[in-house]
Amino acid sequence: MKIYNTLTKRKEEFETIEPMKVRMYVCGPTVYDFIHIGNARPMIVFDSFRRYLSFLGYDVNYVSNFTDIDDKIINRANELGISSEELANRFIDECKKDMAGMNIMPATTHPLATKEIDGMIELIKGLVDKGYAYVGKDGTVYYDTTKFKEYGKLSHKNLDDLQSGFRDIKVTGEEDKKTSTDFVLWKPKKEGEPFWKSPWCDGRPGWHTECCVMAPKYCNGSLDIHAGGEDLVFPHHENEIAQYEPLHDTTYARYWMHNAFLNINNQKMSKSLGNFFTVRDVLTKFDGKVLRLFMLSTQYRAMLNFSFELMESSKASLERIENCVNNIKFTLKNKGINVAENSKLENIDDFNELIVDLKTSSDFSKEELAAFDKVCEYIKEYFDKLDDDFNTADAETQIYEIVRVANQNVNENSSIAFLNAMLLIIDTLLDILGIDLHNKTTQESDVDEALIEKMIQERTEAKKAKDYAKADEIRKKLLDMGIELEDTRQGVKWKKV
Ligand code: AMP
Ligand code: ZN
C-alpha cells in the first residue's frame with residue numbers, strides 16, 4: 001500500500017515501525033461548540049483509513065485528542081458564565097454523539113490536553129535545558145526556531161521565507177520573542193483564566209505542545225502516521241516536529257497525511273467565516289451513511305465542495321445500493337433463507353480465500369460464474385484504488401459497478417450461493433468505508449418494518465378477496481409513508497422512495 005507523505009511530497013510504500021502494528025495520531029477538534037462538517041472530513045477519512053488498516057490485518061492504535069483548553073474555549077465559557085471545563089466537557093459529549101451518528105469508531109484513546117499538563121511542563125523543561133527554548137520577562141516560554149536546523153522541513157519552506165511571511169505580525173503579549181517564527185510553549189495566565197503552576201509562571205501550554213506530548217505518550221514513542229487537515233501542516237505539525245526531534249534524536253512521525261478542505265462555494269468551511277453547517281444539522285436531514293458516502297466520494301487530498309445537491313446525489317447512490325441489497329435479501333427470503341445481520345468479513349485473508357473458492361463454485365450457474373468473474377475484477381480494482389493513497393472515490397465507483405452486476409443477475413432463479421456471495425461482498429466493501437446498511441439510525445428506524453409488512457399482508461388479503469379499492473388505498477397509504485410497492489412473481493417487494 002502506498003500513501004502520500006507530506007514530509008517527502010511523494011507516495012511511499014507503507015511500512016510500520018513494529019510489524020503489523022500501526023501507531024496513528026489524528027489531531028482532534030477544539031471543543032468550544034458543535035463540530036461542523038469541515039471538522040468531520042478528517043474524522044470520516046481517517047476513521048475509514050483505520051478500518052482499512054484493520055481489515056488488512058494491522059493492529060491499529062488510534063489516538064485522537066480533544067483540545068479542551070484554548071482561547072476560544074475560555075472566551076466562549078466567559079460569555080456563557082460557565083467554567084472552561086464545563087463548556088469543554090459539554091462539547092466533548094456532543095462531539096461523541098456526532099461521531100456515533102457518523103459511525104466513527106471511538107479512538108483507542110481520546111486524551112485531553114488538560115489532563116496532560118505535567119508531561120507538557122517536562123517537555124518544555126527539556127527544551128529550555130537543551131537551549132531550544134528561552135524564557136521572556138513575563139514568564140512566557142518561546143521555542144527558538146533558529147536552533148532547529150530542520151525547521152520548515154514538513155511545510156517545505158526555509159526559515160528566511162517563513163520569517164519574511166511573519167514580518168508584520170506582532171502579537172501582543174509576545175514582546176520578548178526573538179524571531180518572528182518563534183512560537184509560544186507556555187504562556188502566563190490572564191485574569192479569570194484557568195492556569196497551572198510551572199517553573200516559569202502560572203499559566204498554560206501552547207497548542208502545539210499539547211499534541212506533541214499526547215501523541216508519543218499514547219502511541220508508545222514515534223508515530224507511524226500523524227494526520228489532520230492541511231491547515232495544520234504549518235505551523236502546528238511543523239512545530240510538533242521541532243519540539244520532539246531535538247529531544248529524542250529520532251523521527252517524530254514517518255508518514256504525514258493531510259486531508260484537503262471541505263469548501264462551500266470554493267471557500268474553506270469554517271466557524272470564523274460563518275459559512276458552516278454543523279454535523280448535528282446535517283444529520284437531521286441526511287443519514288450518517290449518506291454523509292460518509294459523500295465525504296469519501298472524493299480522494300482525501302482533493303478539495304471537496306459541499307452542497308445539498310451533492311448530498312442528495314449521495315443519498316440516491318446509497319438508495320441504489322440499499323435497494324440492491326434488499327432485493328437480494330428478498331430473493332433469499334423467498335428461498336427460505338433469512339438474512340437479518342450484516343454478513344461482512346473482517347479480514348482480507350478470509351475474504352480473499354472465500355473469493356478464490358467461489359471463482360470455481362459448482363453452486364453457481366454458468367451465467368453466475370461469468371458475472372462473478374466481472375465482480376472479481378471490480379473487487380481487485382477496489383483494493384488497488386485503496387492501496388493507491390486511499391483513493392476512496394474510485395473505490396466507491398467499484399461498489400456501484402458490483403451493484404450494477406448484481407441488479408442484472410439477481411432474479412428468482414439465482415442460486416443461494418450467488419445471492420449470499422453478492423451480499424457478503426457488498427457488505428464487506430461498504431464496511432471498510434464505515435457504511436453498515438444494517439445499522440439503522442434513529443432517522444431510519446422511523447420506518448416501521450413490521451407495520452409495513454403487516455400492511456402489505458392486509459393488501460394481499462384484500463386483493464384475494466377482490467376488494468381492489470381497499471388494496472389501492474393501502475398502496476397509497478404506504479406511498480404517503482415513502483414506501484413504494486412492486487408486485488413480482490415472487491411476492492410483494494417494497495422500497496423507500
Ligand atoms: P479545529 O477544531 O479547527 O482544530 O479542527 C479540527 C480538525 O478539522 C483539524 O484537523 C482541521 O484541519 C480540520 N478542519 C477544520 N476545518 C476543515 C475544513 N473546512 N475542511 C477539512 N478539514 C477541516
Ligand atoms: Zn494537533
Side-chain angles (χ1 to χ4, degrees), residues 6 24-47 49 62-73 76 87-88 91-92 94-95 98-99 102 104 107 109-113 116 119-120 123 154-155 183 185 205-219 223 225-244 252-253 256-279 282 291 294-296 298-307:
T6 308
M24 180 165 181
Y25 184 86
V26 183
C27 290
T30 307
V31 279
Y32 66 105
D33 207 337
F34 289 96
I35 56 164
H36 60 69
I37 52 170
N39 303 130
R41 188 169 191 199
M43 287 181 178
I44 292 178
V45 162
F46 298 119
D47 173 73
F49 190 61
Y62 188 94
V63 182
S64 190
N65 69 304
F66 287 113
T67 297
D68 63 342
I69 185 74
D70 143 290
D71 287 343
K72 288 185 209 136
I73 297 178
R76 183 95 200 275
L87 182 86
F91 285 111
I92 288 171
E94 298 297 356
C95 181
D98 288 336
M99 286 167 66
M102 296 185 287
I104 289 167
T109 315
H110 278 293
L112 301 182
E116 308 292 340
M120 295 175 205
L123 176 106
L154 182 70
S155 47
F183 57 93
L185 300 172
W207 172 41
H208 314 305
T209 307
E210 299 175 6
C211 289
C212 177
V213 166
M214 296 185 277
K217 176 171 173 185
Y218 293 99
C219 286
L223 317 174
I225 301 170
H226 196 315
E230 68 180 0
D231 52 332
L232 302 187
V233 176
F234 187 84
H236 187 50
H237 289 162
E238 192 74 64
N239 290 353
E240 284 189 47
I241 294 176
Q243 292 170 83
Y244 186 88
Y252 177 43
W256 289 86
M257 293 175 81
H258 293 102
N259 64 274
F261 290 141
L262 176 86
N263 286 1
I264 284 198
N265 299 325
N266 298 313
Q267 213 177 21
K268 180 193 173 191
M269 179 178 287
S270 79
K271 271 262 150 58
S272 52
L273 292 170
N275 59 351
F276 65 92
F277 293 101
T278 61
V279 168
V282 171
L291 186 56
F294 164 74
M295 284 287 185
L296 301 172
T298 296
Q299 201 264 357
Y300 74 94
R301 284 192 303 116
M303 186 276 287
L304 170 61
N305 238 326
F306 176 82
S307 74

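A quick note: this is a predicted structure, and the numbers were derived from the prediction, not measured. First listed ligand is number 1; within each ligand, the first listed atom is number 1. This chain uses plain numbering: 1 for the first residue, then up along the sequence. Below, each value reflects all heavy atoms present in this structure, side chains not excepted, and no hydrogens, waters or symmetry copies.
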* Kindly tell me which protein residues have any non-hydrogen atom under 4.0 angstrom away from an atom of ligand 1, grouped by chain and ordered by number? =>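 Within 4.0 Å of ligand 1, protein side: C27, G28, P29, T30, H36, G38, N39, P42, G228, G229, D231, L232, N259, A260, F261, L262, K268, M269.
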
* Is the charged tip of K271 near the ring of F34: under 6.0 Å from the six-membered ring centre and within 45° of its axis? ->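 No, a cation-pi geometry is absent between K271 and F34.
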
* **Criterion side-chain hydrogen bond (donor to acceptor under 3.5 Å, both in side chains) on E116 and Y218, from CA distance to verdict** => CA-CA 11 Å; E116 308 292 340; Y218 293 99; 2.6 Å; yes

* W256 and H226 aromatic ring geometry - parallel, tilted or perpendicular at 30°/60° bounds ->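 Rings of H226 and W256: parallel, under 30°.
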
* **Salt-bridge present (K72, D33; N to O < 4.0 Å)** =>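 Salt bridge between K72 and D33, a charged N being under 4.0 Å from a carboxylate O: no.
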
* Short side-chain to backbone donor-acceptor contact, R41 and N259, under 3.5 Å ->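 No; judged by distance alone, with no hydrogens or angles, the pair does not exist.
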
* Decide whether N65 and T67 meet the rule of one side-chain donor and one side-chain acceptor closer than 3.5 Å. =>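 Short answer, yes.
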
* Residues N275 and N265: side-chain donor-acceptor under 3.5 angstrom ->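 Judged by distance alone, the side chains do not pair up.
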
* To do: Grab the two heavy atoms, one from H258 and one from G229, that are nearest each other, plus how far apart they are.
  =>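 Shortest heavy-atom contact: CD2-O, 3.5 Å.
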
* Relative to the Zn ion (ligand 2), how many protein N, O or S atoms have a separation of less than 2.8 Å? ->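 Considering protein N, O and S only, the Zn ion (ligand 2) has 3 within range.
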
* Check against side-chain contact (heavy atoms from CB on, under 4.5 Å), M24 and F46 -> CA-CA 10 Å; M24 180 165 181; F46 298 119; 3.9 Å; yes

